[in-house]
S.K.: 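Would you mind keeping the following structure in view while I ask a few things?
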There are 2 protein chains.
Amino acid sequence: MKTLSQYTIKRIMSETKRVTIQDIAKRADVSISTVSRVLNNSAAVGEAHRQAVEEAVAALDYRPNIFAKGLAGGVSMTIGILTQNISSPLYDAILYHVLQGIRDSGYSAIIADGQWHPDESRQSLQSLLERQVDGVIIIGGNNEEAHLIELAGAMPMVFVGRHIEGYEHLCICIDEYTGGYMATQHLLDRGHRQIAHIMGIATHPDAIARRHGYECALRDASIEPQAAWVVEGQFTQSSGVLAMEMLLTQGQTFSAVFAANDQMAYGARLALFRRHIRVPDDISIIGYDDQPHSGFTIPPLTTMRQPTDVIGRTATAAILDLLKGNPVATKPLTVDLIVRESVGRIYR
Amino acid sequence: MKTLSQYTIKRIMSETKRVTIQDIAKRADVSISTVSRVLNNSAAVGEAHRQAVEEAVAALDYRPNIFAKGLAGGVSMTIGILTQNISSPLYDAILYHVLQGIRDSGYSAIIADGQWHPDESRQSLQSLLERQVDGVIIIGGNNEEAHLIELAGAMPMVFVGRHIEGYEHLCICIDEYTGGYMATQHLLDRGHRQIAHIMGIATHPDAIARRHGYECALRDASIEPQAAWVVEGQFTQSSGVLAMEMLLTQGQTFSAVFAANDQMAYGARLALFRRHIRVPDDISIIGYDDQPHSGFTIPPLTTMRQPTDVIGRTATAAILDLLKGNPVATKPLTVDLIVRESVGRIYR
DNA sequence: TTCTGGTGTGAAAGCGTTTTCTGAAAAAAC
DNA sequence: GTTTTTTCAGAAAACGCTTTCACACCAGAA
C-alpha cells in the first residue's frame with residue numbers, strides 16, 4: 001500500500017536523475033565545499049574556481065535540493081502566505097500579485113487559509129512555521145496581535161492591511177480613514193446631505209476606520225452624523241441586502257449610501273431593486289474596494305479602488321528585502337475614487 | 001547581509017527547540033530505527049515498544065522534520081496544486097475546497113499559478129516537481145497533454161475539469177455538454193426559439209462542449225442552429241460586453257442568450273443596459289458557473305451551478321487515496337440549473 | 001537435539017547540503 | 001629572508017530521518 005506510492009515516487013525521481021553538488025564539484029574539479037561557497041557566495045573563492053563552478057552549474061542545469069538545503073542550513077526557500085480567506089475577491093487579487101512577485105525570486109510560496117477565524121488563523125500560521133518557511137506574509141487576518149508581535153521580532157514577516165504596534169515598518173497599510181472620508185466627500189460633492197452608511201464587521205479595524213472617515217467628512221460639512229444612519233453588515237452581499245432593508249423599514253430618509261465594501265453595495269442595490277427604487281435616480285450608492293465585478297454591475301458602481309497590484313508588489317518586495325537582510329520601510333498606500341454611474345447629483 | 005537573516009532564522013529555530021526522533025528514542029528507550037518504524041508503520045514492532053514510542057511522541061509533542069524526511073525518504077508531505085488562474089472566482093472556489101480537504105491530512109499544499117498560459121503552466125508545474133511534491137492536482141489549465149500524460153504515469157496526479165485520454169479515472173470532470181444542453185433547454189422550456197450563444201475561448205474544451213450542448217438542444221427542439229447566433233468571447237466580462245454588442249449591431253433577432261460563463265453574462269447584461277434593453281422583459285440571459293455574485297446581480301442571474309464543493313472534495317480525496325496507494329475511480333459530476341430572474345417567459 | 005525460518009531490533013550507511021575546522025600557499029610585515 | 005597574517009580550499013562533521021544489513025531470539029520441523 002504505502003510502498004506503492006513510495007515506489008512510484010522513487011521511480012520518477014530516478015528518472016529525473018537529479019544532478020547534485022557532487023556532480024558539479026567533479027566537473028569543475030573542486031571540492032563540494034567550494035561549490036557550496038560559490039553557490040551561496042558565503043566565502044571568498046578564487047576567480048578561476050568560481051568560473052569553473054559557474055560553468056558546470058550552467059552546463060549541468062543544476063538545481064539545489066531544497067530538502068538538503070533545508071536540513072543543513074535551516075533555510076527552506078519558501079515563503080508562507082497566510083490569507084484571510086481564499087476566494088475573497090479582494091484578498092485573492094492581492095494574493096495574485098504577491099505570487100507574481102515571488103515567482104522569479106527562487107522562493108516558492110505556500111499558502112494557508114485563515115478562514116476568517118482567529119483559531120484557524122493561528123493554526124494555519126503554526127503549520128506554516130512547522131514547515132520552516134523563511135518568511136511570512138500575512139494578508140489581513142485576525143490573529144491575536146500578541147502572537148504576531150512575538151513572531152515578527154523573530155523572523156521576516158510582513159503584514160498587509162493591518163497595523164501592528166511597534167512594527168509599522170512591516171505593515172503595508174491602506175489609509176482606510178481617508179478612504180471613508182473621500183467616499184463620503186464624493187457624495188457630499190454631489191449634493192447629498194442625508195447619507196447612510198452600511199458598516200463592515202463592527203470589530204474589524206478597517207470597518208471602524210472607514211466609518212470614522214465617513215463621520216468626519218459629515219462633520220466637516222457641518223452635518224451631524226446620525227446613529228440611525230449607520231447599520232452594521234458582515235462584508236457579505238446578503239448582509240448588504242439586510243442592512244438596506246433595515247434602513248428602509250426603519251423609515252430613514254437618505255439620498256445616498258456609503259457601503260463599506262463592494263459586496264455589501266451589491267446587496268444593498270439588490271434590496272433597492274426589489275422595492276423598485278432606482279439607482280442612482282432615487283438613491284445613490286458608493287462602494288469600497290473596486291472589485292473586478294464592480295465595473296459591470298447595473299449601474300456600474302462608483303467605488304474606492306484598492307491598489308491591489310501595488311499592495312501585492314510592495315509586500316513581496318518587502319519580504320524579499322527582509323530575507324536578504326536589507327532594511328525595509330513601507331509607506332501607507334491610498335485608495336482612489338473610481339467614479340462610475342451609481343451616484344447621482346442632487347440640486348437644491 | 002545574508003547572514004543577518006540566517007541568524008534570525010537560526011534564532012527562532014533554537015528557541016522553538018525542535019524535538020527529534022533521537023529524543024523520543026531516548027525517552028522510549030529504543031533505537032531510532034524502531035521509532036521510525038512505528039512512526040511510519042513500515043515494519044513490525046513489538047507491542048511494548050510501540051506503546052512506549054507512542055507515549056513518548058505524545059508527551060514530547062513530536063513533529064517530524066519534513067526536510068529530513070524529504071531528504072531521506074524522498075517524500076515531501078506536500079501536494080502541489082496548479083491552478084489555471086488565481087483570482088478567477090470559479091477556480092478559487094474549487095481551490096478553497098481543495099485546501100479545506102488537505103488541511104488535516106498532514107500534507108500541505110503549495111500553489112502555483114498557470115496564469116492562463118501554457119508556457120507559464122508548464123514552468124509552474126516544473127517548479128512544483130522540483131519541490132518534490134508528492135502529488136499534484138491540476139485545476140483546469142492548458143498544459144500540453146503529452147507532458148501531463150507522461151507525468152501522470154509516474155506520480156500521483158489528478159485533473160480537475162479536464163479530460164486526459166487514458167487517465168479518465170484521474171479526471172474530475174463536469175459534464176459540460178449536458179450543462180450547455182440544460183441551459184439551452186431551460187430557455188426553450190420558457191418559450192424562446194431564437195437563442196444566441198456567447199461562447200468561451202474557442203479552443204477551450206469546456207467552451208466547445210457547452211456550445212455543443214447548446215446546438216444539440218436546439219436541434220432536438222427542431223431549431224437549426226444559426227452560425228450568426230454564436231459569437232466568441234474570452235470568458236471575461238468585457239468580452240461579454242463586446243459579444244453582445246456584436247450580436248446587436250449585426251441586427252440579429254433573438255429573445256434569449258446563453259453565455260458560456262457568468263462573467264460574460266454580466267458583460268452582456270451591461271451592454272443591454274446601455275441600450276435600454278430590459279432583462280428579462282426584452283431579452284433573457286442565462287449564465288454558467290453560478291459565481292457567488294450571480295445571486296446579487298440586477299436581475300439575479302439564472303445560471304448553471306458548478307458543484308465547486310464536490311469538485312474540490314473529490315479531488316482531494318482522490319489525491320490522498322493515490323498517495324496512500326489506494327485505487328481511485330472518479331465519476332463525472334453534473335451541473336445544476338439555478339433558476340433566478342434573468343429568464344422570462346414567451347407565450348405564443 | 002539440531003536445523004530452518006520467521007520476528008523484532010540496533011548499528012550504520014546514506015540522502016545533498018552547509019559549515020566548521022584545518023592546513024597550505026600567498027601576501028604582508030618585519 | 002624570515003616571521004606573521006591573510007586567503008583560499010579541502011576534509012569531515014553535522015542536519016534528522018529512512019532503510020539496509022546483520023544479528024539475536026524463539027518457534028516449529030526434522
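None of these values were measured; they are calculated from a predicted model. Hydrogens, waters and symmetry mates are skipped; everything else that's a heavy atom, side chains included, is used. Chain identifiers are assigned alphabetically (A, B, ...) following the order of the sequence lines, protein sequences preceding nucleic acid strands; residue numbering begins at 1 within each chain.
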S.K.: Take B/L71 and B/S31, find for each the nucleotide of DNA chain C with the closest heavy atom, and name the residue whose nucleotide sits nearer the 5' end.
M.R.: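 Nearer the 5' end of the strand: B/S31.
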
S.K.: Mind checking B/T20 for me? I need base, sugar-phosphate or nothing, with any heavy atom below 4.0 Å counting as a touch.
M.R.: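 Counting heavy atoms under 4.0 Å across all strands, the contact made by B/T20 is with sugar-phosphate only.
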
S.K.: Both B/A44 and A/S33 contact DNA chain C. Taking the nearest nucleotide for each, which residue is further toward the 5' end?
M.R.: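 First, find each residue's nearest nucleotide; the 5'-ward one identifies B/A44.
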
S.K.: Of the options C/dG16, C/dT19, C/dT18, whose atoms approach the side-chain atoms of A/K69 most closely?
M.R.: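 Selected nucleotide: C/dT18.
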
S.K.: Measure from the side chain of B/N65, starting at C-beta and using heavy atoms only, and say which of D/dG16, C/dT17, D/dA11 lies closest.
M.R.: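 Of D/dG16, C/dT17, D/dA11, D/dG16 is nearest to the side chain of B/N65.
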
S.K.: Which whole-number value in Å describes the distance from B/D29 CG to C/dG8 P?
M.R.: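 After rounding, the reported distance stands at 19 Å.
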
S.K.: Atom CG of A/D23 to atom P of C/dG16: distance rounded to whole Å?
M.R.: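 Checked: the CG to P distance equals 9 Å.
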
S.K.: Using atom CD1 of B/I66 as one end and atom C1' of D/dC15 as the other, report the distance to the nearest whole Å.
M.R.: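 About 14 Å, once rounded to whole Å.
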
S.K.: So what does B/S36 hit on the nucleic acid, given a heavy-atom distance under 4.0 Å: a base, only sugar-phosphate, or nothing?
M.R.: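 B/S36: base contact, heavy atoms under 4.0 Å.
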
S.K.: Which part of the nucleic acid does A/V30 contact within heavy-atom distance under 4.0 Å: base, sugar-phosphate only, or nothing?
M.R.: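 Touches sugar-phosphate only.
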
S.K.: Which part of the nucleic acid does A/T34 contact within heavy-atom distance under 4.0 Å: base, sugar-phosphate only, or nothing?
M.R.: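 Counting heavy atoms under 4.0 Å across all strands, the contact made by A/T34 is with sugar-phosphate only.
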
S.K.: Please check the phosphate of C/dG8 (OP1 and OP2 only) for any side-chain N or O of B/H49 closer than 4.0 Å.
M.R.: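 For C/dG8, OP1/OP2 do not have a side-chain N/O of B/H49 under 4.0 Å.
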
S.K.: Output the rounded distance in Å from CD1 (B/I21) to P (C/dG10).
M.R.: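 These atoms are roughly 12 Å apart.
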
S.K.: Determine whether A/I86 and A/L95 satisfy the following criterion, side chain to side chain contact (heavy atoms under 4.5 Å, CB included), listing intermediate values before the conclusion.
M.R.: CA-CA 9 Å; A/I86 241 186; A/L95 189 52; 4.1 Å; yes

S.K.: Whole Å only: how far is the CG atom of A/N41 from the P atom of C/dT18?
M.R.: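 Distance check: A/N41 CG to C/dT18 P gives 12 Å.
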
S.K.: With a 3.5 Å cut-off and heavy atoms only, can you find an N or O donor on one side and an acceptor on the other between the side chain of B/R37 and the base of C/dG10?
M.R.: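 Yes, a donor-acceptor pair under 3.5 Å.
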
S.K.: Ignoring hydrogens and angles, tell me if any N or O in the side chain of B/D92 forms a donor-acceptor pair with the backbone of B/S87 under 3.5 Å.
M.R.: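 Such a contact is found between B/D92 side chain and B/S87 backbone.
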
S.K.: I need the B/R131 CZ to A/I110 CD1 distance, nearest 0.5 Å.
M.R.: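 The CZ atom of B/R131 sits 9.0 Å away from the CD1 atom of A/I110.
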
S.K.: Output the rounded distance in Å from CG (B/L39) to C1' (D/dG16).
M.R.: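 Checked: the CG to C1' distance equals 12 Å.
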
S.K.: Please check if the side chain of B/D134 supplies one atom and the backbone of B/I79 the other of a donor-acceptor pair under 3.5 Å.
M.R.: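 A pair under 3.5 Å: no.
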
S.K.: Taking only the side-chain heavy atoms of B/Y62 (C-beta and beyond), determine which of D/dC17, D/dT19, D/dG10 contains the nearest atom.
M.R.: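 So the nucleotide nearest the side chain must be D/dC17.
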
S.K.: Quick one: pull up OH in B/Y96 and CG in A/D113 and give me the separation to the nearest 0.5 Å.
M.R.: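 Spacing of OH (B/Y96) from CG (A/D113) equals 6.0 Å.
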
S.K.: For A/K26 and D/dG10, give me the distance from atom NZ to atom P, rounded to whole Å.
M.R.: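 Distance check: A/K26 NZ to D/dG10 P gives 15 Å.
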
S.K.: For residues A/S36 and A/S42, report the shortest heavy-atom separation together with the two atoms involved.
M.R.: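 Minimum heavy-atom contact is O-OG, 4.2 Å.
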
S.K.: How long is the line joining CD of B/Q22 and P of D/dA14, in whole Å?
M.R.: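 Roughly 12 Å, once rounded to whole Å.
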
S.K.: Of the listed nucleotides (D/dT19, C/dT17, C/dG16), which one gets closest to any side-chain atom of A/I32?
M.R.: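 The closest nucleotide is C/dT17.
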
S.K.: Using the side-chain heavy atoms of B/N40, tell me which of these nucleotides is nearest: C/dT17, D/dT18, C/dG10.
M.R.: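 Given the options C/dT17, D/dT18, C/dG10, the side chain of B/N40 is closest to D/dT18.
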
